[in-house]
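Here is the structure we will look at, set down as structure tokens.
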Amino acid sequence: MGRLAPAGAGLRDRLTILTIEDGTVRTASLNVSNSVTAAPEVIALTPDGATAFVVERLGERPAGGETVRDLSPGNRLFAVDLSDKANPVIADTIEIAPFPEALSVGPQGDRVAVVSNTPDASYLQIAAVADGRFGEVARFSLGDLGVEGSSSGPRGGITATNVQWHPSGRFLAVNINTQNRVAFFAVTEQNGALSVRSWGNIVEVGRDPFVGRFTPDGRYYLTSDWGRDFTASDLEGRLPQTPSSISVIRIADPQAQNGDARHERISGAETDVSAEGIAISPDGRLVATVNMRGTPFLQESPRFQREASVTLLTFEPETGSIAKVADYPVNGVLPEGGSFDLTGDHFLATVFEGHAGADADSGAGLEVFRVVRGERPALERLGRVPVPHGAHHVVVGQ
């Protein structure tokens, strides 16, 4: 495990842009360093879809590199100009703290938040953006912001795996998956300088909250709790054999002063085994997770499975209640990221690679489902759009 693909295979990190014109899917691509070793949160779009941001957790493969250990720490954040989707270009690049894990674009498109986990500390960084170019970067240690660890591991046992902007643009959520907690922060600006402080209480959720999302109305924050055992030294011991889950956090009144702001975990639901990505529909009434199941294991392992899955759940914005509808099979290896389209009528999930001998409809690509509405919603598989090996996350823009 941990070996890179053969050097002669011609595989490189890249951004693939798919557009639909007159019913035809057109494809463009651009080499952009990133890493599948991060959470499926390494790409985000501005609200107008004109710029994509990509973060690099590990650096590009050096000459002679054969394993993940041969890759240097990543430390770059890229801005990609998508104004001509047939000819995307890297418009700007900045250096950030090493080992960035996830990013999120603010609702106005003028700020990008990134979390990094260096050997010594975890950092929240906020980069200003104007016209697709980066400005100043503000960096804050999570320890200085009140997120502390006490274990003997790196950073005192703290690892931040997700960052998300609140729809108001005033707050951020950061998942601390190694502590089963989510921290919230208020962001303010005065005389051009950013200030970040803790906002309300840190909330305990399910085991290993890898990624998360605010609901469109900003009233709740949902986490996908993967459930890994970080004390295990091998893949068999680390990956769970029981279903992952979702935690629902009711967010404090945005007008409450910090001392009065209280967030609360109010509900949850099981999903499927080894859930990573999470997505919420534009109307806030459907939730989906992308679940690897046993696809990461070698075929000779008794835990190997050919099919992964997507879990669909219903969500009630009025009460915060969540309920599982069903699991839908995905034939392929390591599906991790997923998104609803802008209408909420379709759901797309990435598939890292197909099984040996797979045809185009079951190789690496985007698994596409139609969302069936009604009293009991469902997902209906439409097919798979082929993309290059290594698909990690998908976002949908205008």
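Residue numbers start at 1 and run along the sequence shown.
Annotation for Glu375: atom CD does not count as buried by contact number, only 12 or fewer foreign heavy atoms lying within 6.0 Å. With a 6.0 Å radius and a threshold of 12 heavy atoms from other residues, nucleotides or ligands, Glu21 has its CD atom above the threshold. More than 12 heavy-atom neighbours from other residues, nucleotides or ligands sit within 6.0 angstrom of CG on Asp229.
Of the charged side-chain nitrogens involved, at least one lies within less than 4.0 Å of a carboxylate oxygen, so that Arg111 and Glu189 count as a salt-bridged pair. At a threshold of 4.0 Å, the pair Glu41-Arg213 counts as salt-bridged, since one of the basic side-chain nitrogens sits closer than that to a carboxylate oxygen. Taking 4.0 Å as the cut-off between side-chain N and carboxylate O, Asp92 and Arg133 do not count as a salt-bridged pair.
Using a 4.5 Å cut-off on side-chain heavy atoms (C-beta onward), Asp225 and Pro209 make contact. Side chains of Arg370 and Arg381 form no contact here, defined as non-hydrogen atoms less than 4.5 Å apart. Annotation: side chain of Glu101 is in contact with side chain of Arg57 (closest heavy-atom distance under 4.5 Å). Inter-residue side-chain proximity for Val89 and Leu30 is flagged as unmet; no heavy-atom pair is nearer than 4.5 Å. Within the 4.5 Å cutoff, side-chain heavy atoms of Ile176 are placed close to those of Leu142. At least one side-chain heavy atom of Val248 sits less than 4.5 Å from a side-chain heavy atom of Phe315. In this structure, the side chains of Met292 and Glu336 come closer than 4.5 Å at one or more pairs of heavy atoms. Under the 4.5 Å side-chain criterion, counting only non-hydrogen atoms from C-beta, Val371 is in contact with Leu379.
Looking only at distances, a side-chain donor or acceptor of Ser247 sits under 3.5 Å from a matching main-chain atom of Gly206. Formation of a donor-acceptor pair under 3.5 Å by the His392 side chain with backbone atoms of Ala39 is found in this model. Between the side chain of Arg384 and the main chain of Asn331, a donor-acceptor pair closer than 3.5 Å is present. Panel note: side chain Thr51, backbone Ala79; no donor-acceptor pair is recorded below 3.5 Å. Put simply, the side chain of Ser339 never gets that close to the backbone of Val396: no donor and acceptor are under 3.5 Å apart. Not a single donor-acceptor pair under 3.5 Å links the side chain of Asn75 to the backbone N or O of Glu95. A donor-acceptor pair under 3.5 Å links the side-chain atoms of Trp165 to the main chain of Ser104, judged by distance alone. At distances below 3.5 Å, at least one donor-acceptor pair connects side-chain atoms of Gln125 with backbone N or O atoms of Ala97. Counting only distance, with no hydrogens or angles, the side chain of Thr178 and the backbone of Thr159 share a donor-acceptor pair below 3.5 Å. Between the side chain of Arg170 and the backbone N or O of Pro254, at least one donor-acceptor pair lies under 3.5 Å.
Legend: side-chain hydrogen bond (donor to acceptor under 3.5 Å, both in side chains) pairs involving residues 235-244, not counting sequence neighbours, sorted by first then second residue: Glu236-Ser301.
Screening Ile43, Thr16, Leu15 against Val32 for a side-chain contact (heavy atoms from CB on, under 4.5 Å) leaves a single residue, Leu15. Ser309 pairs in a side chain to side chain donor-acceptor pair (under 3.5 Å) with only one of the listed residues (Thr295, Asn291, Thr271), which is Asn291. Across Leu348, Leu382, Val330, a single residue satisfies side-chain contact (heavy atoms from CB on, under 4.5 Å) together with Glu367, and that is Val330. Checking each of Ile246, Val325, Leu286 against Leu313 for a side-chain contact (heavy atoms from CB on, under 4.5 Å) leaves exactly one that passes, namely Ile246.
For Pro88 against Ser29, the heavy-atom pair with the smallest separation is CG-O, 4.2 Å. Among all heavy-atom pairs drawn from Pro282 and Gly344, the shortest one is CD-CA, 3.6 Å. When all heavy atoms of Gly149 and Ile158 are compared, the pair lying nearest together is N-CD1, 3.3 Å. Across all non-hydrogen atoms, the minimal contact from Ile322 to Ala269 is CG2-CB, 3.8 Å. Closest of all the heavy-atom pairs between Ile96 and Pro100 is CD1-CB, 3.7 Å.
Here Phe140 pairs with nothing under the ring pair (Phe, Tyr, Trp, His ring centres under 6.0 Å) rule; sequence neighbours left out.
With rounding to the nearest 0.5 Å, the separation of CG in Asp131 from CG in Asp110 is 11.5 Å. Between Asp208 atom CG and Asn177 atom CG the span is 4.5 Å, to the nearest 0.5 Å.
Ring centroid separation for the pair His389 and Phe352 comes in under the 6.0 Å cut-off.
Between the side chains of Ser33 and Glu56, a donor-acceptor pair is found at a separation under 3.5 Å. Looking only at atom types and distance, the side chain of Asp48 has a donor-acceptor partner in the side chain of Thr46 under 3.5 Å away.
By the 30° and 60° cut-offs, the orientation of the rings of Phe210 relative to Trp226 is perpendicular.
Applying the under-4.5 Å side-chain rule to Ile, Leu, Val, Met, Phe, Trp and Tyr, the cluster around Phe171 extends to Val182, Phe184, Trp199, Val203, Val205, Phe214, Tyr221, Ile249, Ile251.
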